[in-house]
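Right, one structure below, let's go through it.
First listed ligand is number 1; within each ligand, the first listed atom is number 1.
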Amino acid sequence: MTDPLADWDIGRPLPRDARVFVAGSSGLVGSAVARHLRAAGFTDVVGVRSARVDLRDADATARFLDETRPAVVVDAAARVGGIAANAAEPVEFLHDNLRIQANLLDAAHRVGVGRLLLLGSSCIYPKFADQPIREDSLLTGALEPTNDAYAIAKIAGIMGVQSYRREYGRSWISAMPTNLYGPGDNFDLEKSHVLPALMRKFHEARVSGAPTVTVWGTGTPRREFLHTDDLAAACLHLLEHYDDPSPINVGVGEDVPIADLASLVADTVAFTGDIVYDTSRPDGTPRKLLDVSRLLSLGWKPTIGLAEGLASTYQWFLDQQGAQR
Ligand code: GFB
């Protein structure tokens with residue numbers, strides 16, 4: 001079989017008929033990546049539901065890659081969750097993610113995948129890293145304890161990519177997105193991330209006429225929020241323009257205190273009651289604003305502002321509620 005990337009070079013568009021496997025294509029990130037690739041003209045985007053192929057299973061993963069033979073792989077498959085889920089289930093966040101990554105990278109290498117993008121998270125950086133956080137602050141300090149297991153797994157993923165580059169000359173890369181949100185998010189009140197959790201809490205409070213909504217922590221931690229459609233566009237840009245062992249940050253370059261996010265979400269869903277803070281819940285990292293200058297220098301920038309992204313995500317949430325009735 002001829003290699004679809006044989007005549008391709010970094011800086012040029014990837015051939016639109018190259019087969020791309022998006023691992024995790026039914027999740028928040030993977031679904032956005034698959035959508036974006038198809039919209040960009042890719043004609044052979046392959047996804048797989050974890051119910052059909054469990055990427056934690058090495059044999060199943062190897063068999064699937066052997067049958068599919070993709071030219072490009074995007075690893076958006078992961079066990080993810082918000083601060084409470086990470087803190088409650090460190091075993092699963094560590095082991096599931098280590099297994100998924102090792103199985104995918106090994107199988108991709110065996111079938112000769114030319115381009116691979118592994119996605120991580122901004123929580124790989126030290127809890128008290130200088131802000132905005134540059135890529136070279138990786139492994140310069142202690143991690144945030146609420147998500148250290150997940151962070152260590154993702155750091156191992158970066159090392160996996162770097163090791164395949166070093167030992168086998170693979171032009172594989174890794175990218176570290178900031179906190180993500182968008183259509184298809186997990187709206188579970190206990191396990192999800194802050195943005196979908198607040199959207200659902202404020203929505204339900206408005207519908208039921210509840211006078212208050214409870215926000216976890218002090219409201220002072222700052223977070224940066226990137227819409228998954230922007231992340232998906234960045235993924236394609238990186239596949240076509242980035243070839244370096246260092247992970248690269250993907251973010252919007254600005255952050256907001258959780259208290260401001262809560263007010264924005266309240267406005268979005270038209271909740272007019274009061275916000276109260278439950279300080280028995282953890283704040284987590286005080287701040288994790290990514291330095292995105294490396295990404296900007298490659299000619300990519302985000303296009304979806306937070307207010308706009310909140311509005312469209314809330315519309316998606318409402319559509320889902322309607323569909324479930
Ligand atoms: O989004 P989140 O769970 O994750 O929480 P992290 C961000 C901040 O929002 C924390 C506060 O300070 C939370 O205490 N918060 C307020 C809430 N109300 C809520 C709520 O109702 N639900 C949630 N979930 N938070 C995760 C990591 O960290 O972010 C992962 O644990 C990963 O490893 C992910 O990196 C992107 O930003 O603190």
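From I155, atom CD1 reaches atom CE of M176 across 9.0 Å, with rounding to the nearest 0.5 Å. Rounding to the nearest 0.5 Å places CG of D136 at 11.5 Å from CD1 of I133. For the atom pair OH (Y164) and CG (L118), the distance works out to 12.0 Å, reported to the nearest 0.5 Å. Here the straight-line distance linking atom CG of N249 with atom OG1 of T178 works out to 8.5 Å at 0.5 Å rounding. In this structure, NE2 on H193 lies 10.0 Å from CD1 on I83, to the nearest 0.5 angstrom. Interatomic distance, D75 CG to L117 CG, rounded to the nearest 0.5 Å: 8.5 Å.
With hydrogens and angles disregarded, a donor-acceptor distance shorter than 3.5 Å links the side chain of R115 to the backbone of L239.
In the vicinity of D283, heavy-atom distances shorter than 4.0 Å reach the ligand 1 atoms 10 (C), 12 (O). Atoms of ligand 1 found under 4.0 Å from any heavy atom of K201, numbered from 1 in the order shown, are 20 (C), 21 (O). Every atom of ligand 1 is numbered from 1 in the order shown, and the set under 4.0 Å from a heavy atom of S192 is 24 (N). The atoms of ligand 1 that sit less than 4.0 Å from any heavy atom of G82 are 3 (O), 31 (O). Proximity to A197 (heavy-atom distance under 4.0 Å) selects the following atoms of ligand 1: 20 (C), 21 (O), 22 (N). Taking a cut-off of under 4.0 Å to the non-hydrogen atoms of P221, the atoms of ligand 1 that pass are 12 (O).
Residue contact annotation: K288 has a non-hydrogen atom under 4.0 Å from ligand 1. At least one heavy atom of P282 sits under 4.0 Å from some atom of ligand 1. Distances shorter than 4.0 angstrom occur between a heavy atom of R223 and an atom of ligand 1. Within the 4.0 Å heavy-atom shell around ligand 1 one finds I258. Residue contact check for ligand 1: N179 places a non-hydrogen atom closer than 4.0 Å to it.
Residue contacts with ligand 1 for Y150 involve side-chain atoms from C-beta outward but no N, CA, C or O (heavy atoms, distance under 4.0 Å).
Among the atoms of I83, some N or O lies under 3.5 angstrom from an N or O of ligand 1.
There is no side-chain donor-acceptor pair under 3.5 Å between R200 and S192. For the 3.5 Å distance criterion, the side chains of D283 and T218 qualify, holding a donor opposite an acceptor. D96 and Y150 share no donor-acceptor pair across their side chains, judged by distance under 3.5 Å alone.
The protein atom (non-hydrogen) at minimum distance from atom 5 (O) of ligand 1 is V194 CB, 3.8 Å. From the protein, the heavy atom lying nearest to atom 18 (N) of ligand 1 is W216 N, 2.9 Å. In this structure, atom 27 (C) of ligand 1 lies nearest to the protein heavy atom N147 ND2, 3.2 Å. Annotation: atom 34 (C) of ligand 1 to nearest protein heavy atom, H193 NE2, 3.2 Å. Given atom 35 (O) of ligand 1, the protein heavy atom at minimum distance is S121 OG, 2.8 Å. Closest to atom 31 (O) of ligand 1, if we only count protein heavy atoms, is N86 ND2, 3.1 Å.
Taking a cutoff of 4.0 Å between a charged side-chain nitrogen and a carboxylate oxygen, R165 and D243 qualify as a salt bridge.
Residues V20 and V33 share a single hydrophobic cluster, defined by chaining ILVMFWY side chains whose heavy atoms lie under 4.5 Å apart.
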